[in-house]
Amino acid sequence: MTEYRPQHLDKKWQERWTTDREFEVETDPAKPKYYCLEMFAYPSGHAHVGHVRNYMIGDIMARTKRMRGYNVLHPFGWDAFGLPAENAAIQTGMHPEESTLSNIAHMKGQLQRLGISYAWEREIATCGPEYYKFNQWLFLKMYERGLAYRRRSTVNWCPKDNTVLANEQVIDGLCWRCGSSVEARDLEQWFFRITAYAEELLAALGTLQEWPDKVAVMQRNWIGRSEGARLTFPVSGTADAVEIFTTRIDTIFGATFVLLAPEHALVERFAAESPDPAALRAKVRQFRALDREARLTGAIEKEGFDTGRTAINPFTTKAVPIWVANFVLAEYGTGAIMAVPAHDQRDYEFARKYSLPIRVVIHPGGTVPSVETMTEAASAYGTLVDSGEYSGLESATGITRMIRDAEARDIGKGEVQYRLKDWGVSRQRYWGTPIPMIYCQRDGIVPVPYDQLPVELPKVAQFTGRGDSPLGSVPEFVNCTCPSCGGPARRETDTMDTFVDSSWYFLRFCDPTNTELPFATRDAAYWMPVDFYSGGIEHAILHLLYSRFFTRVLRDVGLIAMDEPFKRLLTQGMVLKDGAVMSKSKGNVVDPDSMLSKYGADALRLYVMFVAPPEKEIEWSDSGLEGSFRFLLRVWRLVDHWTDVVRAVDSTVPVGEWTDAEKALRRRTHETIKRVTADIEERMHLNTAVSSLMELVNELYAFSDATPRGGPSRVDTATGVVGRAQTGFVLREAIHALVMLISPFAPHMAEELWEMLGHAGGLRSEPWPSYDAVVAAPEEVVVPVQINGKVRARLTVPAGLSEKELEARALADSTVQGHLAGKTVRKVVMAKGPLVSVVAS
RNA sequence: GCGAAAGUGGCGGAACUGGCAGACGCGCCGGACUUAGGAUCCGGUGGGGCAACCCGUGCGGGUUCGACUCCCGCCUUUCGCACCA
């Protein structure tokens, strides 16, 4: 009996895989490719079993596809720029580069000990100049195409930390770090014009057949397409006009006032021209100081004030008051709306509060709304009333005609608006990619020439957490010469959002050492798209949307010819401990290293795959891991027990009679091959793949016990002979299949067992086992017989029996007869399965 | 509030297109081996009943020969969206 020593095997095989460059691949158009990718990691320092699960799922797929004959690209890398390293530097003084590189080294060791089949020679870290050079290259391409531009915008500002916060760092309007209330602040920022691709990004969601619906829905909501109209309301007595956007032009005859966002350009104009500018400006300031998050989410009381001016409703030609309202968003549409209180709940509340006029212009059907009795807006579509020549039209028709007429009269046009906004990429931070732009007093904004890339991040910078860009305090970085005129100039001191890094890293993996281009077209054309991509649902919008955007930009730049980067997407569930997400502060982190030293990588891998389907959340369980370990021991003992027999026979099918047990084991073997293959490749139900393997092992134990030698637990007979050639053959077939099929889950053990079975050259010396439908076909089937919907009997009959014969046998069965006593058979249904359903009364 | 998904033994979960509910594992119970076992192997394990049998997939209806699966209504949970004009 050979002892199972998982830690020894882990080390042995991991070293051999590295030495043999087992998982390294080259572009080879002659071979079918498979690109398997898991979302790369932020190097926080420690992998926990939640990470482990994601990487395992990809590894199962990569290893299976490799054995199925594909040229498999399975790389890994590090999303290495980011705030945490810089924040740590502010507190501890350790330079972000130092802490990041040491974290990467530690986590890499952890992943390697799990035996994940990565092409480590392609490893990338986004904080290296050889990588971020191409962030800058891409930025310049975007700038040339008008897709990168600079403008003033409002950002989240934490007054205590004196720093800008990303949207996702603002939790319920508070700073995630210090809990201060976040303010709005205006800054000059660089933006990527993702809105230029809004329509395409939305439309192409329908082509993502192998994405979870949920993710597509979230992206659809995020893009938020609305069809409507832009209309001009001239300001009475001036040449000014208020532009509004509405999706309900059919209600325009009920538009009894106009609302402006506090930030709207006309507001300041009106204030300046008013008798008391200070009073109006104070009001505006008050609105703008309101909690930004609350304003965006509607958690504020609606308030407004009258500007004293009026505008002309272009359809009624009547003057309506212009108010400023705190709930109107400057960043959506035109920053101004026509208010239709009768048919919009928000406008209704506002009108009631300030006693503004309400006019019903739609009859939705049912009771007719009246201004006197209504308690909420009637927002449904219906029939237009009191709407001049449009009265009597249905909403849909009204909308079409009104837009047509507005265009004819040059007072408006049909327009599509998106909720999606351009992507602000400037960060007033150090640990990121420097934005490759130069400001010259003479020439203005000048891009850094391509041959001067990368603009390297200087090593020295102070981390005070003051909020201004740390690069600004490095004179040798800031001061430069203008590439255009050669005069003195200043560099941009902001760095890029780290989402830029992750928006194209999957392309870099195709050609990770290219120094001239982000990647060569030839390599990307071969490997892309990513065939299988897995990661957390928390990236459903940002990362996945940005990546889809970048892929299109690179297409338009001419580097690639595809639209969508990720063919099949799997969003894996989290690993919980005591019902909560693992985190250091909760003290419920399960450390993979301690599991590895106790059970080895294979047991851990098998457990996280077996406990639930990949998409589901799982609750960590030590006893579950223990069970998986026991199963591996069971496999080990079984294979070890039969090694000499398996080695002594070959793949020649012996001539002669088979016993029922032998036939049954062959059937089980082939059924298992079929199920495991489909479970991995098609359904991604890795838990049921493992249970099929367990069933095969259980059957092999039972089969072994019935042989002359006996089973693995009967140590005393372990050297006994088998005698029958057929028995040796089915054992060989079953054990070979078992070792092959289990190898994606437990690769270290499988390699060792494969070697013990007499094979040199590793598991790839033999292809994935193939399913034989003839062998798997049963000779007899058990057919349930239902009487009035309840199973009353089971018949064992030869497979392939005709329906007529089957029906006759079912009705003749004594148990069935008993249940039919005193009843008349009304109908007999022969269902696939097969199954017989008798209706009697 | 709107939208989506889910609800199955003591627990994690199976049941693929409407066809044998509870595969597989954990836990528990019993047995074998053993000085001993928390190792290993074998057996049992949804509830009720001595049994034939009855009940059972959140609740209430419906469609069907047949429903965990489809339809309608409700309850609960989770997730997403939420003043976007």
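Lettering follows sequence order; numbering is per chain, from 1.
- Residue Val690(A) is the one, among Gly224(A) and Val690(A), whose nearest nucleotide of RNA chain B lies closer to the 5' end (criterion: closest heavy atom).
- Of the candidates C65(B), C81(B), C54(B), C81(B) carries the atom nearest the Asn221(A) side chain, counting heavy atoms from C-beta on.
- In this model, the phosphate group of G66(B) is not approached by any side-chain N or O of Lys790(A) to a distance below 4.0 Å at OP1 or OP2.
- With both ends at atom C1', the span from A21(B) to G7(B) equals 16 Å, rounded to whole Å.
- With both ends at atom P, the span from G48(B) to G43(B) equals 24 Å, rounded to whole Å.
- You'll find the side chain of Asn313(A) reaches within 4.5 Å of the side chain of Phe233(A), heavy atoms only.
- In this structure, the CG atom of Asp679(A) is 11 Å from the C1' atom of A14(B), given to the nearest Å.
- Here Pro613(A) lies in heavy-atom contact (under 4.0 Å) with sugar-phosphate atoms only.
- Considering only side-chain N and O atoms, Arg634(A) lies nowhere under 4.0 angstrom from the phosphate OP1 or OP2 of A39(B).
- Using the six-membered ring where Trp is involved, Trp620(A) and Tyr607(A) have ring planes that are perpendicular, over 60° apart on the 30 and 60° scheme.
- Under the Watson-Crick or G-U wobble criterion, with both distances below 3.5 Å, G27(B) is paired with U45(B).
- Ring pair Phe305(A)/Trp323(A): centre-to-centre distance not below 6.0 Å.
- At the heavy-atom level, Gly333(A) lies nowhere under 4.0 Å from the strands shown.
- On the C1' atoms, C74(B) is 38 Å away from A52(B), given to the nearest whole Å.
- Nucleotides G18(B) and G3(B), compared at atom C1', are 28 Å apart to the nearest Å.
- Between Phe631(A) and Val635(A), the closest side-chain pair of non-hydrogen atoms falls below 4.5 Å.
- Using a 4.0 Å heavy-atom cutoff across all strands shown, Asn687(A) reaches sugar-phosphate atoms only and no base atom.
- At least one side-chain heavy atom of Leu356(A) sits under 4.5 Å from a side-chain heavy atom of Pro321(A).
- Salt bridge absent: Glu807(A) and Arg809(A) never bring a charged side-chain N and a carboxylate O closer than 4.0 Å.
- With both ends at atom P, the span from G12(B) to G66(B) equals 33 Å, rounded to whole Å.
- In this model, no side-chain donor or acceptor of Lys214(A) finds a partner on the base of C79(B) within 3.5 Å.
- Here Val217(A) lies out of heavy-atom contact (under 4.0 Å) with every strand.
- The aromatic rings of Tyr354(A) and Phe350(A) are tilted relative to each other, their planes meeting at an angle between 30° and 60°.
- Using Watson-Crick or G-U wobble geometry with both donor-acceptor distances under 3.5 Å, U40(B) finds its partner in A32(B).
- Between Glu626(A) atom CD and C28(B) atom P there is a gap of 12 Å when expressed in whole angstrom units.
- The listed nucleotides are G19(B), C54(B), A23(B); the one nearest the side chain of Ala831(A) is G19(B).
- Distance noted for atom P between G46(B) and G22(B): 9 Å (whole Å).
- Stacking of Arg634(A) on the aromatic ring of Tyr701(A) is recorded, both the 6.0 Å distance cut-off and the 45° axial limit being met.
- In this structure, NE2 of His264(A) is placed 17 Å from P of A85(B), rounded to the nearest angstrom.
- To the nearest angstrom, C1' of C83(B) lies 15 Å from CZ of Phe245(A).
- For the pair Arg792(A) CZ and A52(B) P, the computed distance is 12 Å after rounding to whole Å.
- The shortest side-chain heavy-atom distance between Leu569(A) and Pro212(A) falls under the 4.5 Å cut-off.
- If you find the closest nucleotide of RNA chain B to Ser692(A) and to His819(A), the one lying nearer the 5' end belongs to Ser692(A).
- If you take CD1 of Ile742(A) and C1' of C24(B), they are 13 Å apart, rounded to a whole angstrom.
- At a threshold of 4.0 angstrom between heavy atoms, the contacts of Asn698(A) are confined to the sugar-phosphate backbone, with no base atom among them.
- The side chain of Arg637(A) contributes an N or O atom lying less than 4.0 Å from OP1 or OP2 of C41(B).
- G3(B) and C79(B) make up a base pair, with Watson-Crick or G-U wobble contacts both under 3.5 Å.
- Listed candidates were C83(B), C53(B), A21(B). Nearest to the side chain of Phe327(A) is C83(B).
- When heavy atoms are screened at a 4.0 angstrom cut-off, Phe610(A) is found touching base atoms of the nucleic acid.
- As rounded to the nearest Å, U69(B) and A5(B) have P atoms that lie 15 Å from one another.
- Residue Arg794(A) has no polar side-chain atom (N or O) positioned under 4.0 Å from OP1 or OP2 of G19(B).
- Whole-Å rounding puts the Leu632(A) CG to G25(B) P distance at 13 Å.
- Here the separation of G61(B) from C16(B), taken at their P atoms, is 27 Å to the nearest Å.
- Across all strands shown, nothing is found opposite U63(B) as a Watson-Crick or G-U wobble partner with both distances under 3.5 Å.
- With C42(B), C65(B), C55(B) as the choices, the nucleotide that has an atom nearest any side-chain atom of Asp705(A) turns out to be C42(B).
- Between Thr571(A) and His539(A), the closest side-chain pair of non-hydrogen atoms is not below 4.5 Å.
- Residue-level contact check: Ser226(A) touches the backbone only, with heavy atoms under 4.0 Å from sugar-phosphate atoms and none from bases.
- We find that CG of Leu625(A) is positioned 12 Å from P of G27(B), with the value rounded to whole Å.
- Side-chain proximity of Val839(A) to the nucleotides C54(B), C65(B), C81(B) is greatest for C65(B).
- Within 4.0 Å (heavy atoms only), Arg675(A) reaches no atom of the nucleic acid at all.
- Under the Watson-Crick or G-U wobble criterion, with both distances below 3.5 Å, A15(B) has no partner in any strand shown.
- Checking G80(B), G25(B), G27(B) against the side-chain heavy atoms of Arg630(A) singles out G27(B) as nearest.
- Side-chain proximity of Thr246(A) to the nucleotides A85(B), A14(B), C24(B) is greatest for A85(B).
- Within 4.0 Å of Gln786(A), counting heavy atoms only, lies at least one base atom of the nucleic acid.
- Checked by distance alone, Ser623(A) brings no side-chain donor or acceptor within 3.5 Å of a matching partner on the base of C26(B).
- Using a 90° window around 0 for the glycosidic torsion, G9(B) falls inside it and is classed as syn.
- Distance from the side chain of Lys827(A) is smallest for C65(B) among the nucleotides C54(B), C20(B), C65(B).
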